[in-house]
Number of protein chains: 2
Amino acid sequence: MPRPPKARDALLAAYRDLLVSEGERAATMDAVAARAGVSKGGLLYHFKSKDALAEALLDALRAAAAEDRRRMAEAPEGPSKYFVRTSVNSGTDMDAFFVAAVRLAQAGHEGALAALEELDAAWLALIRAEIEDPALATAVMLMGEGLYHYSSLAGAWPEKSFGTSLGELLGVVDRLRGV
Amino acid sequence: MPRPPKARDALLAAYRDLLVSEGERAATMDAVAARAGVSKGGLLYHFKSKDALAEALLDALRAAAAEDRRRMAEAPEGPSKYFVRTSVNSGTDMDAFFVAAVRLAQAGHEGALAALEELDAAWLALIRAEIEDPALATAVMLMGEGLYHYSSLAGAWPEKSFGTSLGELLGVVDRLRGV
DNA sequence: ATAACTGTACCGGCTGGACGGTATAGATAC
DNA sequence: GTATCTATACCGTCCAGCCGGTACAGTTAT
């Protein structure tokens, strides 16, 4: 048996992290290989083009998101609070892959746009299962999106500049559910 | 009197529109000049570097945002509903400049990040003037950010995929105000 | 008045470097 | 004996920034 490929995962993670922390422009082939500690030849061995790298990243996002949806559906606090709570960038794989895909989408990558729309539709469906009123469900969804937007820009939830803790925001979700 | 520079405005608008519709990567000096119908040399005459172009764009954003805040503070419907209503990309100068700045921030431009944080703080302050509860105010703010996030990706508010109209969302804001 | 000069607005070609991708020769683990 | 890499050289393209030049409006000296 040939030895298992460990460079592939390292390359994907390096690409993802570069997208998140430095932006699409800085995520060059050379930079990805260097960050992963892999030679450029090694990169091209696993991913024949830069777009192949992007496609693999979107596949990983879809897999991580499917896993996350299972947890969301079974969360004791309910899907809505789970969604809002995990919308602040908490450092999970999902978070990083999601933000990376946003970077790609903003750079004009059509596949990334489609993948993100898929994800949003699935999330909204889970929230609707708990909150029947469509407008309220959408409002909760948008709160989560806003949090993602924020932490994808600043790197974290800037609690101090808002003066509102995540816990208090979850309280708002409760109030919305009860309205 | 020297003849007035008309290329400068055209260049800024071209840069902004390219950032919004094609992404940061596509907004090259050549592309900006071509879109504005100006030569490369003409561009460099008005903006000595690409970063100077970005700085000018952020200045224009701040100006447009200050103007928008005046309207927001005086809106008969109240600042909160005004904010949410105008968070869907409606094609104003503010919207375009804002989305352009988001693109820059996501590409790692520090000045853009600072400008956006400034804007958000000012918006939140206006919302707080109407909605005293900090958590509720933040929730409204995040709804608006989520909408911006959405329309900056997809280009418009995807009402059909959400199944919720903007009017219904404004209804949620009313309910939040009354809670 | 008009020639000479000045500053602003703009043109378009060029260069050096970075980037995506190719190619190839070999090393290492299983 | 092959899948998984390393190392390095190379090519064509694209891009940011630079530079010499043009056009023209207004100013100054004569």
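Keep in mind that what you see is a predicted model, and the values were worked out from it rather than measured. Chain letters run A, B, ... following the sequence lines, proteins first, then strands; residues in each count from 1.
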Please give, in whole Å, the distance from dC18(D) P to Phe47(B) CZ? 16 Å
In terms of relative ring orientation, are Tyr148(A) and Trp123(A) parallel, tilted or perpendicular, with 30° and 60° separating the classes? parallel
Atom pair distance, as rounded to whole Å: CD in Glu24(A) and P in dC19(C): 12 Å
Counting only N and O atoms by type, is there a donor-acceptor contact under 3.5 Å from the side chain of Arg103(B) to the main-chain atoms of Val20(B)? yes
Please examine the side chains of Val84(B) and Val172(B), heavy atoms only from C-beta on, and report whether any two atoms are closer than 4.5 Å. no
Roughly how far, to the nearest 0.5 Å, is the CG atom of Leu18(B) from the OG1 atom of Thr28(B)? 7.5 Å
Distance from Glu55(A) atom CD to His109(A) atom NE2, nearest 0.5 Å? 5.0 Å
Phosphate OP1/OP2 of dT4(D) contacted by His46(A) side-chain N/O (<4.0 Å): no
Regarding Leu43(B), tell me which of base, sugar-phosphate or nothing describes its non-hydrogen contacts under 4.0 Å with the strands shown. nothing
Between dT8(C) atom C1' and Arg8(B) atom CZ, what is the distance in whole Å? 14 Å
Locate the shortest heavy-atom distance separating Glu24(A) from Leu19(A); write the atom from each residue and the value. CA-CD2, 3.6 Å
Below 3.5 Å is the cut-off: list the nitrogen or oxygen pairs between protein and nucleotides 13-16 of chain D, distance only.
unit_1  : atom_1 : unit_2   : atom_2 : d
dA16(D) : OP1    : Lys50(B) : NZ     : 2.8
dA16(D) : OP2    : Met29(B) : N      : 2.8
dA16(D) : N7     : Lys40(B) : NZ     : 3.4

Net bend of the helix from dA1(C)-dT30(D) to dC30(C)-dG1(D), end axes of five pairs each, nearest 10 degrees: 20°
Any idea which heavy atoms bring Glu77(A) and Arg177(A) closest together, and the distance? O-NH1, 3.3 Å
Between dC11(C), dC10(C), dG21(C), spot the one nearest the side chain of Ala7(B), thanks. dC10(C)
Taking only side-chain N and O atoms of Tyr45(B), does any of them lie within less than 4.0 angstrom of OP1 or OP2 on dA9(C)? yes
In terms of hydrophobic clusters joined by side-chain contacts under 4.5 Å, are Leu57(A) and Tyr45(A) together? no
Would you say the side chain of Glu67(A) lies within less than 4.5 Å of the side chain of Thr92(A), judging by non-hydrogen atoms? no
Return the value, rounded to whole Å, for the distance between atom CG of Leu11(A) and atom P of dG20(C). 14 Å
